[in-house]
**Student:** 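Here's a structure for you.
One-based numbering along the sequence shown. Everything numeric here is computed off the predicted structure, so don't read it as measured data. Whatever order the structure lists ligands and atoms in, that order sets their numbers, starting from 1.
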Amino acid sequence: MAQLSNDCFVCQQEVIRLVDALGLITERISSVTDSVIIPIEASDGRILAVDVLAPVDLPPFDNSAVDGYAVRYADLNASGESYMRIAARVTAGAQLNVDLPPGSAVRIFTGAPTPAQFDTVFMQEDATEDGENVRLPKGLRCGANRRLAGEDLKRGSIALRAGRRLSPSDIALLAALGRTTVVVRHQLRVALFSTGNEVIPPGRPLEVSKIYDANRFMLRALLERANCMVTDLGILPDSEAAVRRAIVAAADTHDLLVSSGGVSAGDEDHVRAAVASVGSLVFWRVSIKPGRPVAMGVAGGTPFIGLPGNPVAVFVTFALLARPLIARLAGEEYQPPYPVTVVSGFSYEKKAGRREYVRVRLFSRDGAVEAQKHPSDGAGVITSLTQTDGLLELPEHATRIEPGDPVGFLSYAELL
Ligand SMILES: Nc1nc2c(c(=O)[nH]1)N[C@H]1C(S)=C(S)[C@@H](COP(=O)(O)OP(=O)(O)OC[C@H]3O[C@@H](n4cnc5c(N)ncnc54)[C@H](O)[C@@H]3O)O[C@H]1N2
Ligand code: MOO
């Protein structure tokens, strides 16, 4: 389905800030609206299409949080220990339908319903059984170890809001509410291709001046983690016509087109021209490092994002721009991860005006978490990703980082 029109938006000539690129994505992209009902077992990572209301209280009834003895608090001896007759026994899943005389205790187990007015439960470790009686110490507060009906969620309240990307704990909540199915947004269909005359698929003998295609495999995995259905269009040559043909063929049947390579300013970088010839560019070049030449546009009404060729730039631009774009298209309420403050273990200089993402490993030092920069800065060095834990985000205004300075860290796990 088309999300953008091929209007006359004029792509800026200047490099734009990340925040402005994200603003353009929000402004220009709307979500695909179709939804589908699926079993909760298949819902991990899917986007909830409608609010889920709790059809029952959670927990559904007052119950004991421990194995022990339930009592009416008012029956306890306020000045010392209590000695009470064990009048009944109730296990998890059972029901007690007897009248219990004042001053009695009920042997109870975790998850079993607490009888009406039995508002307090002693843990068995604190009690001493004595034949048919139990000795209970003084000092327990009223309501101890009892879980009230609806204390987790009240019947009729919103359990999960539309737009949420479902997680394993959300699935636990759906099941706890008795749901077997859930209404989610349809998965985005994403067409993916690499570009470059030097790029060949792994599995073939490596020829002179060729490299294996790393980006398509990384992007496929990243897209699938973001719950997209990927169509792999393979590797396209450095040819505007070839890229244009692929875009035109895929635009109608996909929600998003993603490529890597061929977006910088060289004579053999044809991707932008191909997009512009069948649609329009929304932005090109963002003041980030790595990833500056990233381009976004619309072709045949379908959004397009052209990531740079260097694999580290692919990773960073996917995390910073493609991921929020996918969220927007998929109707996800997306919150970019908050950087966690750690301590720099190195000195670093950068230009003012651009936002830099530095690959680091974390170490524990003197009770603090210290970030050490990977020795390689190169945006083509794939081991600088595999040997690090995440990215330091250095803001536009920063020009110098010294050892001991507080810095914002984004873990790879959070970014994906
Ligand atoms: N004169 C300029 N040159 C470059 C600029 C610039 O602004 N002016 N920007 C540099 C930056 S920053 C980057 S990033 C790269 C990105 O350029 P492209 O998007 O045009 O990418 P390519 O030139 O096609 O490739 C760059 C690099 O990455 C390798 N590559 C490409 N595809 C793959 C793949 N699928 N798997 C693994 N590696 C891949 C390719 O062989 C190149 O080495 O441009 C700078 N130049
Ligand atoms: O994206 Mo380039 O790789 O910034 O250096």
Side-chain angles (χ1 to χ4, degrees), residues 11-18 21 190-204 206-223 230 232-240 242-243 246-247 257-276 281 283-297 304-322 348 350-351 353-359 373-374 376-386 388 391-394 396:
C11 179
Q12 88 297 339
Q13 288 308 300
E14 295 305 312
V15 178
I16 62 170
R17 291 183 313 158
L18 179 64
V190 181
L192 169 67
F193 61 92
S194 293
T195 65
N197 292 342
E198 76 282 27
V199 183
I200 62 167
R204 287 218 211 128
L206 197 55
E207 300 150 38
V208 178
S209 74
K210 305 285 183 189
I211 57 161
Y212 288 127
D213 184 355
N215 294 344
R216 197 159 41 96
F217 294 87
M218 170 159 63
L219 281 169
R220 186 181 185 122
L222 289 167
L223 288 163
V230 178
D232 188 342
L233 303 182
I235 302 164
L236 303 187
D238 286 317
S239 143
E240 186 185 323
V243 175
I247 289 174
L257 311 172
V258 178
S259 71
S260 74
V263 287
S264 66
D267 297 344
E268 295 300 325
D269 295 329
H270 300 295
V271 171
R272 282 181 300 120
V275 175
L281 279 174
F283 61 76
W284 172 50
R285 294 186 303 184
V286 176
S287 56
I288 52 174
K289 185 186 172 190
R292 182 174 179 269
V294 60
M296 191 230 145
F304 169 90
I305 185 153
L307 309 181
N310 282 318
V312 181
V314 169
F315 182 88
V316 169
T317 50
F318 182 90
L320 299 180
L321 289 157
Y348 189 77
K350 69 178 269 298
K351 274 193 197 156
R354 77 177 174 207
R355 189 167 271 252
E356 290 199 20
Y357 292 85
V358 181
R359 287 143 272 166
K373 185 179 155 306
H374 193 275
S376 295
D377 281 328
V381 181
I382 302 178
T383 51
S384 68
L385 287 175
T386 60
T388 50
L391 303 170
L392 289 190
E393 184 174 54
L394 307 181
E396 283 82 353

**Student:** If you count the non-hydrogen atoms of other residues, nucleotides and ligands that lie under 6.0 Å from CZ in Arg354, is the total more than 12?
**Tutor:** yes
**Student:** Between Ile235 and ligand 1, find which residue part has any heavy-atom pair under 4.0 Å and reply side chain, backbone, both or neither.
**Tutor:** neither
**Student:** May I ask you to identify, for Pro293, whether its side chain, its backbone, both or neither come under 4.0 Å of ligand 1 on a heavy-atom basis?
**Tutor:** side chain
**Student:** Look at ligand 1 and say whether Gly262 reaches it with a heavy atom at a distance under 4.0 Å.
**Tutor:** yes
**Student:** Under a 4.0 angstrom heavy-atom cut-off, which atoms of ligand 1 come close to Ile211?
**Tutor:** 30 (N), 37 (C), 38 (N), 39 (C), 41 (O)
**Student:** Which atoms of ligand 1 sit under 4.0 Å from any heavy atom of Tyr212?
**Tutor:** 36 (N), 37 (C)
**Student:** Out of Ile200, Asn310, Asn215, indicate the one that has the non-hydrogen atom closest to atom 33 (C) of ligand 1.
**Tutor:** Asn215
**Student:** So which bit of Val199 gets within less than 4.0 Å of ligand 1, heavy atoms only: side chain, backbone, both or neither?
**Tutor:** side chain
**Student:** Hydrogens and angles aside, do Asn215 and Ser194 bring a side-chain donor and acceptor to less than 3.5 Å of each other?
**Tutor:** no
**Student:** Show the short N or O contacts, below 3.5 Å, that ligand 2 makes with protein N or O atoms; if there are none, say 'none'.
**Tutor:**
| residue | atom | partner | partner atom | Å |
| --- | --- | --- | --- | --- |
| ligand 2 | 1 (O) | Gly291 | N | 2.5 |
| ligand 2 | 3 (O) | Asn310 | ND2 | 3.2 |
| ligand 2 | 4 (O) | Gly291 | N | 2.8 |

**Student:** Between Ser194 and ligand 1, which part of the residue brings a heavy atom under 4.0 Å of the ligand: side chain, backbone, both or neither?
**Tutor:** side chain
**Student:** Which of the atoms in ligand 1, numbered in the order shown and given with their element, are less than 4.0 Å from a heavy-atom of Arg292?
**Tutor:** 7 (O)
**Student:** Pick whichever of Ala214, Ser209, Gly291 has a heavy atom sitting closest to atom 37 (C) of ligand 1.
**Tutor:** Ala214
**Student:** Is Arg216 in polar range of ligand 1, meaning some N or O pair under 3.5 Å apart?
**Tutor:** no
**Student:** Which of the listed options, Gly309, Pro311, Ala379, holds the heavy atom that is closest to atom 21 (O) of ligand 1?
**Tutor:** Gly309
**Student:** With atoms numbered from 1 as shown, which atoms in ligand 1 lie under 4.0 angstrom from a non-hydrogen atom of Pro308?
**Tutor:** 14 (S), 16 (C), 19 (O)
**Student:** For the residue pair Ile211 and Ile200, establish whether any side-chain heavy-atom pair is separated by less than 4.5 Å.
**Tutor:** no
**Student:** As an exercise, state the distance from CD1 of Ile382 to CZ of Phe315, rounded to the nearest 0.5 Å.
**Tutor:** 12.5 Å
**Student:** Among residues at least two apart in sequence or on other chains, which ones pass salt bridge (Lys or Arg N to Asp or Glu O under 4.0 Å) with Arg355?
**Tutor:** Glu393, Glu396
**Student:** Is there a donor-acceptor contact under 3.5 Å from the side chain of Trp284 to the main chain of Glu14?
**Tutor:** no
**Student:** Is there a polar contact, in the sense of an N or O pair closer than 3.5 Å, between Val263 and ligand 1?
**Tutor:** yes
